[in-house]
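Letters A, B, ... mirror the listed sequences (proteins, then strands); counts begin at 1. Predicted model, so just to flag it, every value in this text is computed and none were measured.
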Amino acid sequence: MALHLYDTATREVREFAPARSGTASMYVCGATVQGIPHIGHVRGALNYDVLRRWLVHSGLDVLMVRNVTDIDDKILTKAADAGRPWWEWAATHERAFEDAYTALGCLPPSIAPRATGHVTQMIELMRRLIDSGHAYAAEGNVYFSVTSFPDYGRLSGQRLDEMQQGETQSEGKRDPRDFTLWKRSKPGEPSWPTPWGPGRPGWHLECSAMATTYLGSEFDIHGGGVDLVFPHHENERAQSRAAGDGFARFWLHNAWVTLSGEKMSKSLGNVVSIPEMLRRHRAVELRYYLIQPHYRSTIEYSDAALSEAAQGYRRIEQFLRRVAGSAGEVRTGKVPMEFAEALDDDLGTPQAFAVLHNTVRDGNAALDAGDSAQAIALAESVRAMTDVLGVDPLSARWAEHGGAEAQALGELVHELLAARQRARAERDFATADTIRDQLTQAGIAVEDTPSGPMWTVRD
RNA sequence: GGCGGAGUGGCCGAGUGGUUCAGGCAAGGGCCUGCAAAGCCCUGUACACGGGUUCGAUUCCCGUCUCCGCCUCCA
């Protein structure tokens, strides 16, 4: 089965056929860098990272753009409140997002363009829209005329005549539902010169400009959170198609992470920030937790659920360590057909994880039965799957090869375990158990295996 | 008011017109172990509610209830 994806525009799962064979182009709406990233922000990034890895695995050359919105009302007001330059505020939080993405194992995008660096392209797009009668300048603002584009509302299923208000700002608007392409700057605000006066980008324009700059007038996938369907993506689609670009062929939208049943958002204050999460949990376990449910299903966040997911991850990790420790080197093999079919079916990560766990179970059974060849084969398959999901425990990214401290710890534990083995050999189990208890007390779990004791640091 | 999503066994979380079914976590029994741990095997009550279609519905249709999201900045 070829890859199929759910397209919001058509509301159905369709076969994914890239515009240019052999390549896949995707544009993901990144962050408005006004604050610290929370768990909801990275969920989307993680979903698209898995998709991207799967596309690469499927043999496609993937171009991925993830933008940075570095100019917007909130950035200006928050920076002003903090008494800092707006550009410093944006840069600081852009780094916070970058750090979060990196910590969670997201592959870097092909490019992470900033809105402020693409004003030239925005002006060009506005000119095309004005020339074709889809946009108009008024009092230093530039608006898109929604009634000029009959298809407006198609993506989100909104009907123009059913729409309630539009944006609040409306100086010179011909129709309250028209949206802002370009905002006239107020005194003291940052601005860029345009033929219609100095101002700054409206929110939607940048994505159209940057997506087509890097990916061409038509590209394969446009992703973002469900809240972007309207108005953001609706408006992007309208302005780009009105300007004559084919724009996105597939619109993907990931669901929320909720807390106590409610959307996580800064205005509600129910935010679980990533830096905070990473202090309390291993990044790979957080990643595992966030990519396991289907990307279009809401995740109701809870510490308990995260801990359970972590247990599941450790089971996989433990299996690979067991094999690597007793049967020999584990390379990255091939993914099972059922795994591929699961991901091909609209990125069915839940089913993919089921295949992964079944393989782990079979691998453990093979190990118990002393069938090393089979155990290694299954472990290599497990590595292939975890690699696609970005959670390979043996990868350089996640393998825990500590520095000097870890090395010192290793030596100490090694000594204690050797002493314990000597005691066991003499059937002095009291001493052996005392040593094990001491280690357990210190947070180190000891497990005896046919090939000797194994130890892990538990939290 | 318009558009959309959801309600599954102790918990998380898939899926399907029927018979064997996700998967994980937790629980109980067993095997293994010096004892453990890990692992493996076995076990359990599910599909919000009320109708309808059907030989048969958790799955299709209608209705009801509850929850959530979007329509204003938001992943």
Side-chain angles (χ1 to χ4, degrees), chain A residues 8 11 28-32 34-35 37-48 69 72-74 77 97 153 156-169 177 203 223-232 234 253-258 261-268 288-289 292-294 296-300 302 304-316 318-319 321-322 342 348-358 360-369 424 427-430 432-433 436-437 440 445-450 453-456 458:
Chain A
T8 303
R11 287 162 204 270
V28 177
C29 276
T32 298
Q34 47 146 325
H38 62 62
I39 190 168
H41 291 126
V42 298
R43 192 233 174 140
L46 251 19
N47 290 147
Y48 298 112
T69 298
D72 117 297
D73 287 345
K74 282 192 176 165
T77 55
F97 270 85
S156 58
Q158 304 282 329
R159 264 183 298 155
L160 212 41
D161 52 1
E162 288 286 357
M163 280 191 199
Q164 303 201 335
Q165 230 4 71
E167 297 169 359
T168 42
Q169 182 202 6
R177 298 164 302 188
W203 177 33
V226 279
D227 58 337
L228 299 183
V229 176
F230 192 92
H232 186 49
E234 188 71 66
H253 293 98
N254 61 279
W256 300 120
V257 178
T258 60
E262 284 189 312
K263 174 179 171 181
M264 200 173 282
S265 84
K266 282 160 208 141
S267 49
L268 290 172
Y288 181 94
Y289 169 67
Q292 192 163 23
H294 191 261
R296 287 192 282 117
S297 295
T298 304
I299 295 177
E300 166 66 20
S302 76
L306 173 53
S307 297
E308 282 177 15
Q311 280 305 116
Y313 173 74
R314 286 175 203 178
R315 177 181 149 79
I316 297 165
Q318 196 70 5
F319 165 62
R321 284 194 188 159
R322 263 185 99 194
T349 51
Q351 297 87 341
F353 273 95
V355 176
L356 174 56
H357 277 110
N358 284 334
V360 168
R361 196 208 317 111
D362 293 346
N364 273 319
L367 215 48
D368 286 351
R424 290 182 72 203
R427 304 194 68 77
D428 177 6
F429 296 120
D433 288 349
R436 184 170 62 194
D437 289 346
T440 305
V446 177
E447 294 168 23
D448 295 315
T449 75
M454 273 181 57
W455 64 278
T456 40
R458 288 286 156 81

Visitor: Mind checking whether A:Asn254 and A:Val226 have side chains closer than 4.5 Å, heavy atoms only?
Guide: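 Not in contact.
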Visitor: Look at all strands and tell whether A:Arg43 reaches a base, only sugar-phosphate, or nothing, counting heavy atoms closer than 4.0 Å.
Guide: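 No contact.
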Visitor: Please check the phosphate of B:G23 (OP1 and OP2 only) for any side-chain N or O of A:His357 closer than 4.0 Å.
Guide: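 No.
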Visitor: From B:C73, B:A26, B:A37, pick the nucleotide closest to the side chain of A:Glu447?
Guide: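 Selected nucleotide: B:A37.
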Visitor: For the residue pair A:His253 and A:Arg296, establish whether any side-chain heavy-atom pair is separated by less than 4.5 Å.
Guide: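 Not in contact.
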Visitor: Let's see if you can work this out: which of B:G34, B:G2, B:C73 has an atom nearest to the side-chain heavy atoms of A:Asp433?
Guide: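 Ranking B:G34, B:G2, B:C73 by closest atom to the A:Asp433 side chain puts B:G34 first.
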Visitor: Which distance, rounded to the nearest 0.5 Å, do you find between the CD1 of A:Ile299 and the CZ of A:Arg43?
Guide: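 Result: 3.5 Å between the selected atoms.
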Visitor: A:Tyr289 has an atom OH; how far is it from atom P of B:C25, in whole Å?
Guide: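 My rounded result for the distance is 16 Å.
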Visitor: Rounding to an integer number of angstrom, what distance separates B:A46 and B:C35 when you compare their P atoms?
Guide: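 That atom pair is separated by 38 Å.
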Visitor: Using purine N1 to pyrimidine N3 plus N6-O4 or O6-N4 for Watson-Crick, or N1-O2 and O6-N3 for G-U wobble, each under 3.5 Å, what pairs with B:A27?
Guide: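 Its partner is B:U43 (Watson-Crick or G-U wobble, both distances under 3.5 Å).
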Visitor: Which of the following nucleotides, B:A75, B:C73, B:C35, is nearest to the side chain of A:Trp256?
Guide: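 Nearest to the side-chain atoms of A:Trp256, counting from C-beta on, is B:A75.
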Visitor: Of all the choices, B:A75, B:A36, B:C40, which nucleotide is nearest to the side chain of A:Asp368 once you look at every atom?
Guide: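 Within the option list, the nearest is B:C40.
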Visitor: Have a look at A:Gly348 and say if it touches a base, only the backbone sugar-phosphate, or nothing, with a 4.0 Å heavy-atom cut-off.
Guide: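 Contact class for A:Gly348: none.
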Visitor: Expressed in whole Å, how much space separates the P atoms belonging to B:A22 and B:U8?
Guide: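 So the two P atoms sit 16 Å from each other.
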Visitor: How many whole angstroms separate atom CG of A:Asn358 from atom P of B:G24?
Guide: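 Those two atoms, CG and P, are 6 Å apart.
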Visitor: Pick base, sugar-phosphate or nothing for A:Val446, based on heavy-atom distances below 4.0 Å to the nucleic acid.
Guide: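 If one applies the 4.0 Å heavy-atom cut-off, A:Val446 turns out to touch a base.
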Visitor: Taking the nucleotide of RNA chain B with the closest heavy atom to each, which residue, A:Gln311 or A:Thr298, is nearer the 5' end?
Guide: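 Looking at RNA chain B, the more 5' nearest nucleotide goes with A:Thr298.
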Visitor: Provide the distance between the two C1' atoms, one in B:C60 and one in B:C47, to the nearest whole Å.
Guide: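 Here B:C60 and B:C47 have their C1' atoms 16 Å from each other.
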Visitor: Taking the side chain of A:His38 as its heavy atoms from C-beta onward, which of B:A36, B:C71, B:A75 lies nearest to it?
Guide: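 Nearest listed nucleotide: B:A75.
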Visitor: Are A:Asn364 and B:C40 close enough that a side-chain N or O sits under 4.0 Å from OP1 or OP2?
Guide: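 Checking B:C40 against A:Asn364, a side-chain N or O does come within under 4.0 Å of OP1 or OP2.
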Visitor: Give the nucleotide from the list B:C3, B:A75, B:A14 with an atom nearest to the side chain of A:Pro293.
Guide: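 Minimum distance to the A:Pro293 side chain belongs to B:A14.
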Visitor: Rounding to a whole Å, what distance do you find between A:Leu228:CG and B:G69:P?
Guide: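 Between P of B:G69 and CG of A:Leu228: 16 Å.
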Visitor: Round to the nearest Å and state the distance from A:His253 atom NE2 to B:C68 atom P.
Guide: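 Spelled out: NE2 on A:His253 to P on B:C68 is 23 Å.
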Visitor: Strictly by modelled atom types, are A:Arg322 and A:Asn364 linked by a side-chain donor-acceptor pair under 3.5 Å?
Guide: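 A donor-acceptor contact under 3.5 Å links the two side chains.
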Visitor: Output the rounded distance in Å from CG (A:Asp227) to P (B:G4).
Guide: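 Rounding to the nearest Å, CG of A:Asp227 and P of B:G4 are 18 Å apart.
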Visitor: Quick one: label A:Phe429 by what it contacts on the DNA or RNA (base, sugar-phosphate, nothing), any heavy atom closer than 4.0 Å.
Guide: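 A:Phe429: base contact, heavy atoms under 4.0 Å.
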Visitor: Determine whether a donor-acceptor pair (one donor, one acceptor, N or O, separation below 3.5 Å) exists between the side chain of A:Asp362 and the base of B:C40.
Guide: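 Result: no qualifying N/O pair found.
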Visitor: What does A:Arg424 touch in the nucleic acid at a heavy-atom separation under 4.0 angstrom: a base, only the sugar-phosphate, or nothing?
Guide: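 If one applies the 4.0 Å heavy-atom cut-off, A:Arg424 turns out to touch a base.
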Visitor: Does A:Thr32 put a side-chain nitrogen or oxygen below 4.0 Å from OP1 or OP2 of B:A75?
Guide: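 Indeed, a polar side-chain atom of A:Thr32 lies that close.
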Visitor: Could you work out the separation of B:C55 and B:C42 based on their P atoms and round it to a whole Å?
Guide: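 The answer is 38 Å between these two P atoms.
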Visitor: Please state the P separation for the pair B:G29 and B:G23 - nearest whole angstrom.
Guide: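 To the nearest whole Å, 22 Å.
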Visitor: Using modelled atom types only, decide if a donor and an acceptor are shared between the side chain of A:Glu234 and the backbone of A:Gly153 within a distance under 3.5 Å.
Guide: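 Yes, the answer is positive, given that a donor and an acceptor are paired below the 3.5 Å cut-off.
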Visitor: If the C1' atom of B:C21 is compared with that of B:G9, how far apart are they to the nearest Å?
Guide: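 Result for the C1' pair: 15 Å, nearest Å.
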Visitor: Could you tell me the Watson-Crick or G-U partner of B:A6, where both distances fall under 3.5 Å? Say none if there is no partner.
Guide: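 The answer is B:U66, by the H-bond criterion.
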Visitor: In whole Å, I'd like the distance from the CD atom of A:Gln158 to the P atom of B:G69.
Guide: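 About 16 Å, once rounded to whole Å.
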Visitor: Please report the distance, rounded to the nearest Å, between OH in A:Tyr288 and P in B:G24.
Guide: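 Distance check: A:Tyr288 OH to B:G24 P gives 9 Å.
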Visitor: Return the nucleotide paired to B:U58: Watson-Crick means purine N1 to pyrimidine N3 with N6-O4 or O6-N4, wobble means G-U with N1-O2 and O6-N3, both under 3.5 Å.
Guide: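 Partner of B:U58: none found under 3.5 Å.
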Visitor: Can you measure A:Phe353 atom CZ to B:G15 atom P for me and round it to whole angstrom units?
Guide: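 Result: 15 Å.
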Visitor: How would you label the contact of A:Ser297 with the nucleic acid (heavy atoms, under 4.0 Å): base, sugar-phosphate, or nothing?
Guide: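 Sugar-phosphate contact only.
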Visitor: Using atom P in both nucleotides, what's the gap between B:G30 and B:U16 to the nearest angstrom?
Guide: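 It works out to 38 Å between them.
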Visitor: Go through B:C40, B:G15, B:A22 for me and flag the one nearest to the A:Ala365 side chain.
Guide: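 Given the options B:C40, B:G15, B:A22, the side chain of A:Ala365 is closest to B:C40.
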Visitor: What is the distance from atom OH of A:Tyr289 to atom CG of A:Leu306, rounded to the nearest 0.5 Å?
Guide: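 Rounded to the nearest 0.5 Å, the OH-CG separation comes out at 6.5 Å.
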Visitor: Of A:Gln292 and A:Arg436, whose nearest nucleotide on RNA chain B comes first from the 5' end?
Guide: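 Comparing both residues, the 5'-ward one is A:Gln292.
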Visitor: A:Arg361 has a side chain; which of B:C40, B:G34, B:G13 sits nearest to it?
Guide: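 Ranking B:C40, B:G34, B:G13 by closest atom to the A:Arg361 side chain puts B:C40 first.
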Visitor: Which nucleotide in the list B:G13, B:C40, B:C12 gets nearest to the side chain of A:Glu308?
Guide: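 For A:Glu308, the side-chain atoms sit closest to B:C12.
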Visitor: What's A:Val355 touching, base or sugar-phosphate or nothing? Going by heavy atoms closer than 4.0 Å.
Guide: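 No contact.
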Visitor: Run the salt-bridge test on A:Arg177 and A:Asp161 with the 4.0 Å N-O cut-off and return the result as yes or no.
Guide: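 Here A:Arg177 does not pair with A:Asp161 in a salt bridge, since their nearest N and O are not under 4.0 Å apart.
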Visitor: Using both distances under 3.5 Å as the test, list the Watson-Crick or G-U wobble partner of B:C73, or none.
Guide: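 Answer to the pairing question: none, since B:C73 forms no Watson-Crick or G-U pair.
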Visitor: Can you tell me how far C1' in B:G39 sits from the matching atom in B:U33, rounded to whole Å?
Guide: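 That atom pair is separated by 11 Å.
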Visitor: From the set B:G39, B:A26, B:G2, return the single nucleotide nearest to any side-chain atom of A:Arg315.
Guide: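 Taking heavy atoms from C-beta onward, the closest nucleotide is B:G39.
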Visitor: So that I know where these two stand, are A:Phe353 and A:Tyr288 an aromatic pair - ring centroids less than 6.0 Å apart?
Guide: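 Aromatic pair counts; centres sit under 6.0 Å.
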Visitor: Please answer whether the main-chain N or O of A:Ala255 pairs with a side-chain N or O of A:Thr298 as donor and acceptor at a distance below 3.5 Å.
Guide: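 Side chain of A:Thr298 to backbone of A:Ala255, a donor-acceptor pair under 3.5 Å: no, none is there.
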